[in-house]
Amino acid sequence: MKSTARRQAYGVQGAPYAHPSPRTTLERARSAPYLFLLPATLLFALFFALPIGYAVWLSFRKVKVSGLGLGSGARREVWAGLENYTDALSDSELLYGALRVLGYGCIVVPVMLGLALLFALMLDSEKVRLAPVTRLAIFLPYAIPGVVAALLWGFLYLPDVSPFYYVLDRLEMPQPDLLDGGPLYLALSNIAVWGGTGFNMIVIYTSLQAIPAEVYEAAKLDGATPTQIALRIKIPMVAPSLVLTFFFSIIATLQVYNEPTTLKPLTNSVSTTWSPLMKVYRDAFGGGDIHGAAAQAVLIAFATLLLSFGFLRAVNRRQKQEAAR
């Protein structure tokens, strides 16, 4: 009995078991969060920070050609300073692409968020039937990859294979060309709205579900109609979700690439520089000007960051003004 108790109280060498000091325990507790953050930090550095840093480094470089450009050492990278950025800012194709994306966004963002809010309010109504099936049907287009969605809609836009054009032809009705001129913006916007409305609807609908039921009961006791409850209670209380979806929609609009690139083989109205990202891709991998393309990519990222923070700052300022009243 005594030997067993002695072995339990002492280690293998006969020394008593040493408990960690409070200082060691505190140091371990302080370092534990950093150990948990280490994998995410490494992934962020490898797949996000490092590519951005490399793109910035390339944007300040250029290729200098000596002589005919033949032989070893005839083409070498040199420091370019701000030359690539000045060329990008004076590039008319990049400017026109930004203007086209601006017009595209003026159609996509209001329509998509308006439909998302409308569907969320309808699903949150007490009279709605088959809500799970309806919610899944609205969200399902978001699960389809953007390239696949653009291909599907592209074939529906082609007069030779589209069933809609066949029906219009049988009814002897006019058949608009959706892949040319002004209707092209509507065709591209339709693809984005069809695919993105479901995601934004889920975000807004989740916020509506978090509103306490007592708020609705108090409004009903005061004689508020369902329309008044939606306009005066639901929409103001889901304003943070509307801001979030608007923020994401702005970023997605500035980075539009899949839809016009997928529809390009179907029409001559979509050029290789229709959007800024399409021009970056053409210059980098079609023209071989990877340094100029890197400068353009950095400018697009900076513009996106500037617009995003400007929008968030304006929203925060307005909320502070309303809270001060």
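We number each residue from 1, following the sequence as shown. In this text, all values refer to a predicted model and were calculated from it rather than measured experimentally.
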Distance-only, no hydrogens or angles: does the Tyr185 side chain make a donor-acceptor pair with backbone N or O of Gly103 under 3.5 Å? no
Of Ile52, Leu58, Val56, which is the lone residue that meets side-chain contact (heavy atoms from CB on, under 4.5 Å) with Tyr54? Leu58
Would you please indicate yes or no on a ring centroid separation below 6.0 angstrom for Phe164 and Trp153? no
Ring centres under 6.0 angstrom apart (Phe60, Tyr85): yes
Side-chain (Asn316) to main-chain (Leu312) donor-acceptor, under 3.5 angstrom: yes
So does Met122 get a backbone contact from the side chain of Ser125, meaning a donor-acceptor N/O pair under 3.5 Å? no
Transitive ILVMFWY side-chain link Leu208 to Ile202, under 4.5 Å: no
With a 3.5 Å distance limit and no angle check, can you tell me whether Asn84 reaches the backbone of Ser59 through a side-chain donor-acceptor pair? yes
How about Leu263 and Ile191: do any of their side-chain heavy atoms sit closer than 4.5 Å? yes
How many angstroms lie between CD in Glu93 and CZ in Arg282, if you round to the nearest 0.5 Å? 4.5 Å
Looking only at atom types and distance, does a side-chain atom of Thr267 sit under 3.5 Å from a main-chain N or O of Leu179, one as donor and one as acceptor? yes
Can you see whether Thr253 engages Tyr104 through a side-chain donor-acceptor pair at a distance of less than 3.5 angstrom? no
With no hydrogens and no angle check, is any side-chain donor or acceptor of Tyr205 less than 3.5 Å from a backbone partner on Leu117? no
